[in-house]
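Quantities reported herein were computed from a predicted structural model and do not represent experimental measurements. Just follow the structure's listing: the first ligand is 1, and inside any ligand the first atom is 1. The analysis underlying the following values was restricted to heavy atoms, covering all of them including side chains, and did not include hydrogens, waters or symmetry mates.
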Amino acid sequence: MSVHYGYDKRVLVTGGAGFLGSHLCEKLLAQGCDVLCVDNYFTGSKKNIVHLLDHPRFELMRHDVTFPLYVEVDEIYNLACPASPIHYQHDPVQTTKTSVHGAINMLGLAKRVGARILQASTSEVYGDPTVHPQPEEYWGNVNPIGPRSCYDEGKRCAETLFFDYHRQCKLEIKVVRIFNTYGPRMHPQDGRVVSNFIMQALRGEPITVYGQGDQTRSFCYVDDLVDGFIRFMATPAEYPGPLNLGNPGEFTILELAETVIRLTKSASKIIHKPLPQDDPKQRKPDISKAKALLDWAPQIALEEGLSRTINYFTALAR
Ligand code: NAD
Ligand code: UDP
Ligand code: UDP
């Protein structure tokens, strides 16, 4: 399925110093690829990839994808974009620019060099869904002018651009809709629920459940997701996606809080805080397409993944 180039496949990972990007770079190197990691360090950090710097097939470039980039590569994984509500709402105009201008530049690059390109889209394109679980055919229920819109609409526009370059310029694209993913190297202060709860539990601080905690999410461990990325990239050109990737196990936020308290053996108590505006009530991927196309399904159960993540944050807190 994958192409043989006669040399190490040259792969560009934008946002490669971030949480998902750093795991992806690692896995691509392990598979023998030549990896170019591009990042402006807005939410990512050199710390996430410092262990790769001496690798002979790894190269790091500080660059903002809203500016053009001229390099020669065979494949592109476009991950550059802040992912947590705190970070993407910090400078919402920049968030839209990163999604939209970033996509245009990476698509222009892919077009010039004939590279295959994967877009890290998101379950946020479904907004606050009225269909449950969400199949790829669902068009979503998105507020175009709310505080989450810079991210949701930016990612939706990026999907539009990917499909227009695919139709208009015959580009080989792969659009992945990622559902909540967690694991080591998540930013400890990014405000996402898994990192928040673990940090609070480890510090013995109150666990902040927003609203009643009956809203649901599905949590995918990072290794499962990255495995799905690489399998999807290797599929034949006639499968552009969009493809849901995530773990269909569905938990309420209250259940997550209780599980984290139990696994950390923390004395923290649960407190309730107001639910943020436009907070989706439920989210769970329908992954039947990914199962059929990639012969893929998540392997790491929530408790196992949480334990690994807790170990990472424990070491960080020392
Ligand atoms: P992250 O914040 O850890 O990683 C994003 C990386 O992009 C960071 O290293 C950041 O510095 C970099 N970046 C941001 N703006 C940039 C720019 N203009 N130019 C260059 N680099 C830039 O987040 P993550 O969780 O690793 O997310 C990676 C991608 O996956 C994002 O596109 C995100 O939208 C998508 N995604 C993630 C999840 C999840 O649950 N983790 C869910 C849905 C979608
Ligand atoms: N681009 C880039 N690297 C390349 C080729 C293009 O960053 O190797 C950028 C370029 O700056 C342009 C964008 O990608 O703004 C879109 O390129 P495309 O060729 O599709 O459009 P055009 O250059 O005709 O506007
Ligand atoms: N959440 C929470 N407490 C926190 C952080 C988040 O109850 O300290 C809730 C949040 O309101 C949402 C869910 O957890 O319902 C997931 O939030 P996150 O920001 O991780 O991701 P997203 O809303 O983008 O799925």
For the OG atom of S84 and the OH atom of Y151, what is their distance to the nearest 0.5 Å?
9.0 Å
Would F67 count as a polar contact of ligand 2, with the cut-off being nitrogen or oxygen pairs under 3.5 Å?
no
Checking side-chain polar atoms at under 3.5 Å, does T216 have a donor or acceptor matched by the opposite partner on K284?
no
Of all the atoms in ligand 2, which lie at a distance below 4.0 Å from a heavy atom belonging to P68?
7 (O), 11 (O)
Salt bridge check: are K289 and E137 linked by an N-O gap of less than 4.0 Å?
yes
For N311, enumerate each residue passing the side chain to side chain donor-acceptor pair (under 3.5 Å) test, keeping only those at least two apart in sequence or located in another chain.
none
Distance under 4.0 Å to a non-hydrogen atom of I104: what atoms of ligand 2 satisfy this?
13 (C), 14 (O), 16 (C)
Are any of the side-chain nitrogens in E153 or R156 under 4.0 Å away from the carboxylate oxygens of its partner?
yes
So that I can tick it off, tell me whether R10 and D74 are bridged by a salt bridge, with the cut-off set at under 4.0 angstrom between side-chain N and carboxylate O.
yes
Fit a plane to each ring of Y138 and Y126, take the angle between them on a 0 to 90° scale, and name the class: parallel (under 30°), tilted (30 to 60°) or perpendicular (over 60°).
parallel
Numbering as shown, the atoms of ligand 2 that approach K111 to under 4.0 Å (heavy-atom distance)
18 (P), 19 (O), 20 (O)
Name the residues in contact with ligand 3, where contact means a heavy atom under 4.0 Å away: which are they?
P85, E124, R148, N180, G191, R192, V193, N196, F197, T208, V209, Y210, Q215, R217, I253, P276, D279, R283
Heavy atoms under 4.0 Å from ligand 1: which residues qualify?
G15, A17, G18, F19, L20, D39, N40, Y41, F42, T43, G44, H63, D64, V65, L79, A80, C81, P82, A83, T98, A120, S121, T122, Y151, K155, I178, N180, T181, R192
Pair E124 + K155: basic N to acidic O under 4.0 Å:
no
Salt bridge check, R231 against D227: does any charged N sit closer than 4.0 Å to a carboxylate O?
yes
Distance (rounded to the nearest 0.5 Å) between H23 NE2 and D223 CG
7.0 Å
Under the side-chain hydrogen bond (donor to acceptor under 3.5 Å, both in side chains) definition, can you give me all pairs with a residue in residues 294-305, not counting sequence neighbours?
R262-E303, E304-R308
Got a second to check how far C25's SG is from N48's CG, nearest 0.5 Å?
10.0 Å
Per-atom contacts, ligand 2 versus R112 - under 4.0 Å to a heavy atom
4 (C), 5 (C), 8 (O)
H132 and Q134: side-chain donor and acceptor closer than 3.5 Å?
yes
Taking a cutoff of less than 4.0 Å between a non-hydrogen atom of the residue and any ligand atom, is Y165 in contact with ligand 2?
yes
For ligand 2, does M106 get within less than 4.0 Å through its side chain, its backbone, both, or neither, judged by non-hydrogen atoms?
neither
